[in-house]
Amino acid sequence: MALKRKDLLGIDYLERSEIEEIIATAESFKEVSTRDIKKVPALRGRTIVNLFFEPSTRTRTSFELAAKRLSADIINISSSTSSVVKGETLLDTARNIEAMNSDMIIVRHSMSGAPMILARALKSSVINAGDGSHEHPSQALLDLFTIKERLGRIEGLNIAIIGDIAHSRVARSNILCLNKMGAKVRICGPATLIPAEIEKMGVQVYFRPEDAIDGADVIMMLRIQMERQKSGLFPGIREYSRFFGLNQERVRLAKEGVIIMHPGPINRGVEISPEVADGPYSVILDQVTNGVAVRMAIIYLLTEGRGSL
């Protein structure tokens, strides 16, 4: 099977059946990472480029491991080592990479819409690894995979997403993904970090974490993104932690067997306390592990699907 599209630009463009296909493929690929030799020859001879214009540890490394475990050749390029520092445009950089016969470009950029610009201009497949405050589709898919793996289903679950909703591409992709799969999504944060009219995305809005967490099956905490926001949106880190941070007392309001998630990087003691981040309900490291399998599935299905669009 293969996705009948060249690119993965966002969850918004995926059908539910495509999401289910990615998750099913990831389930089969997860076993590869437990072998002594963590490789399959599925994409031998293919060339994939990681083109990252923002700092990243988990996403870049996860995509790199995913490509290598599929036996593809992968090149890592960051903004500091590319000709962008000499004035070359993003599109010219990507066109030069494609001229070397790359098969796929995985791009992270601070500008929303950058991956779509590349996808329209290139024959190579393009994967959005996070663009500005727009979307981060592979993160939402690995979050979905982790929830399904732990709780056995998505349909009907109450999922609370708490934190900097306004600047979070992870929140946007997760809202789109979870809604498509039948979950009930709640969002919570300071009023200044909740986008206007976000209810139109099919979510319930709360301004007290206690209300959002009450009866939740899943709690997803988000990082405060200082690099994307203007100052003055909340009084300070200490106040934010006091009123919106996840601690053991607030966790007790959720359903028994709740799972706690975070896309990382974690600011310990700010959005989540250390004892909760490392506690029995946390699946944060499971998310990281599952990220490799999900990204293997995405790379494989897009590569196999090229030409069918």
Side-chain angles (χ1 to χ4, degrees), residues 3 5 8-24 112-113 115-116 128 130-225 228-229 233 244 246 250 253-255 258-263 271 283 287 294 298:
L3 295 179
R5 60 182 67 243
L8 176 61
L9 302 177
I11 298 296
D12 207 14
Y13 310 102
L14 291 178
E15 301 293 334
R16 176 167 175 157
S17 60
E18 293 178 295
I19 294 172
E20 290 171 343
E21 186 176 355
I22 292 169
I23 297 304
S112 297
M116 181 174 286
N128 179 5
D131 61 330
S133 300
H134 175 227
E135 277 217 51
H136 192 353
S138 63
Q139 180 68 47
L141 290 165
L142 73 88
D143 290 342
L144 185 78
F145 182 95
T146 304
I147 295 169
K148 186 173 182 289
E149 183 180 59
R150 279 301 186 105
L151 300 181
R153 64 187 175 94
I154 304 295
E155 190 89 33
L157 293 179
N158 293 309
I159 299 176
I161 304 175
I162 301 173
D164 185 355
I165 307 294
H167 302 94
S168 177
R169 55 197 175 204
V170 172
R172 178 175 172 80
S173 285
N174 264 295
I175 289 168
L176 291 166
C177 191
L178 293 166
N179 275 339
K180 285 186 180 187
M181 303 307 290
K184 300 173 183 176
V185 183
R186 311 167 177 180
I187 64 165
C188 177
T192 50
L193 295 179
I194 300 292
E197 299 186 345
I198 195 171
E199 296 92 342
K200 292 181 179 179
M201 291 186 72
V203 300
Q204 292 180 294
V205 179
Y206 296 89
F207 298 104
R208 294 180 68 251
E210 292 82 2
D211 297 333
I213 292 169
D214 186 23
D217 299 285
V218 179
I219 304 171
M220 186 181 298
M221 303 304 295
L222 301 174
R223 180 176 64 90
I224 292 295
Q225 300 191 38
R228 297 191 196 281
Q229 59 180 261
L233 294 180
F244 292 94
L246 186 64
R250 287 183 172 132
L253 298 171
K255 283 186 182 177
V258 65
I259 61 172
I260 295 165
M261 312 180 78
H262 195 300
E271 65 263 9
V283 296
Q287 290 173 267
V294 169
I298 293 167

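These figures come from a predicted structure and were not determined experimentally. Numbering starts at 1 and runs along the sequence shown.
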Is it true that Lys180 and Glu15 make a salt bridge, defined as a side-chain N closer than 4.0 Å to a carboxylate O?
no

Is the backbone of Ala212 close enough, under 3.5 Å, to the side chain of Arg186 for a donor and an acceptor to pair up by distance?
yes

What distance separates His134 NE2 from Asp12 CG, expressed to the nearest 0.5 Å?
6.5 Å

Can you name the one residue among Asp143, Leu157, Ile154 that meets side-chain contact (heavy atoms from CB on, under 4.5 Å) with Lys148?
Ile154

Measuring only between side-chain heavy atoms, which start at C-beta, is Val283 closer than 4.5 Å to Ile260?
no

Hey, is NZ on Lys255 packed in by over 12 heavy atoms from elsewhere, all under 6.0 Å?
yes

Check the pair Gln204, Glu199 against side-chain contact (heavy atoms from CB on, under 4.5 Å), reporting the backbone distance first and the verdict last.
CA-CA 6 Å; Gln204 292 180 294; Glu199 296 92 342; over 6 Å; no

I need the minimum non-hydrogen distance between Arg5 and Tyr13, along with the two atoms involved.
NH2-O, 3.0 Å

How long is the gap from CZ on Arg169 to CD1 on Ile11, to the nearest 0.5 Å?
14.0 Å

Minimum side-chain heavy-atom gap Asp217-Val258 below 4.5 Å
no

Do Leu246 and Ile213 have side-chain heavy atoms sitting under 4.5 Å apart?
yes

Which distance, rounded to the nearest 0.5 Å, do you find between the CD1 of Ile159 and the SG of Cys177?
9.5 Å

Could you go step by step and tell me if Leu222 and Val170 meet the side-chain contact (heavy atoms from CB on, under 4.5 Å) rule?
CA-CA 8 Å; Leu222 301 174; Val170 172; 4.3 Å; yes

Working to the nearest 0.5 angstrom, can you tell me the gap between Thr192 OG1 and Phe207 CZ?
10.0 Å

N-O pairing of Glu155 and Arg16 below 4.0 Å
yes

Nearest atoms (heavy-atom pairs only) where Ile224 meets Glu271:
N-OE1, 4.1 Å

Smallest heavy-atom separation, Pro190 atom then Gly163 atom, equals CD-O, 4.4 Å

Check for a donor-acceptor pair, side chain of Asp131 on one end and backbone N or O of Gly113 on the other, with a separation under 3.5 Å.
yes

Any donor-acceptor N/O pair, Asn128 side chain to Leu9 backbone, under 3.5 Å
yes

Are side-chain heavy atoms of Leu144 and Ile19 found at a separation under 4.5 Å?
yes

Apply side-chain contact (heavy atoms from CB on, under 4.5 Å) to the pair Ile147 and Arg150, showing each step before the final yes or no.
CA-CA 5 Å; Ile147 295 169; Arg150 279 301 186 105; over 6 Å; no

Distance in Å, Leu178 CG paired with Lys184 NZ, rounded so as to fall on 0.5 Å steps:
13.5 Å

Pair Glu135, Ser173: side-chain N/O donor-acceptor within cut-off below 3.5 Å:
yes

Minimal heavy-atom distance between Ile165 and Cys188, with the atoms involved, is CG1-O, 4.0 Å

For the student: nearest non-hydrogen atoms of Ala254 and Ile219, plus distance
CB-CD1, 4.1 Å

Does a side chain donor of either His262 or Gln287 reach within less than 3.5 Å of an acceptor in the other side chain?
no

Looking at Asp211 and Tyr206, would you say the former's side chain and the latter's main chain have a donor-acceptor pair under 3.5 Å?
no

Interatomic distance, Ile259 atom CD1 to Met261 atom CE [nearest 0.5 angstrom]:
5.0 Å

Between Arg250 and Glu210, does any NZ, NE, NH1 or NH2 come within less than 4.0 Å of an OD or OE carboxylate oxygen?
yes

Measure the shortest side-chain to side-chain distance between His167 and Leu193 over non-hydrogen atoms and say whether it is less than 4.5 angstrom.
yes

Heavy atoms only: give me the nearest Ile194-Gly189 pair and the separation to one decimal.
CD1-N, 3.7 Å

Within-4.5 Å side-chain heavy-atom neighbours: Ile198 and Ile175:
yes

Less than 4.5 Å apart, side chain to side chain, heavy atoms only: is that true for Leu14 and Ile22?
yes

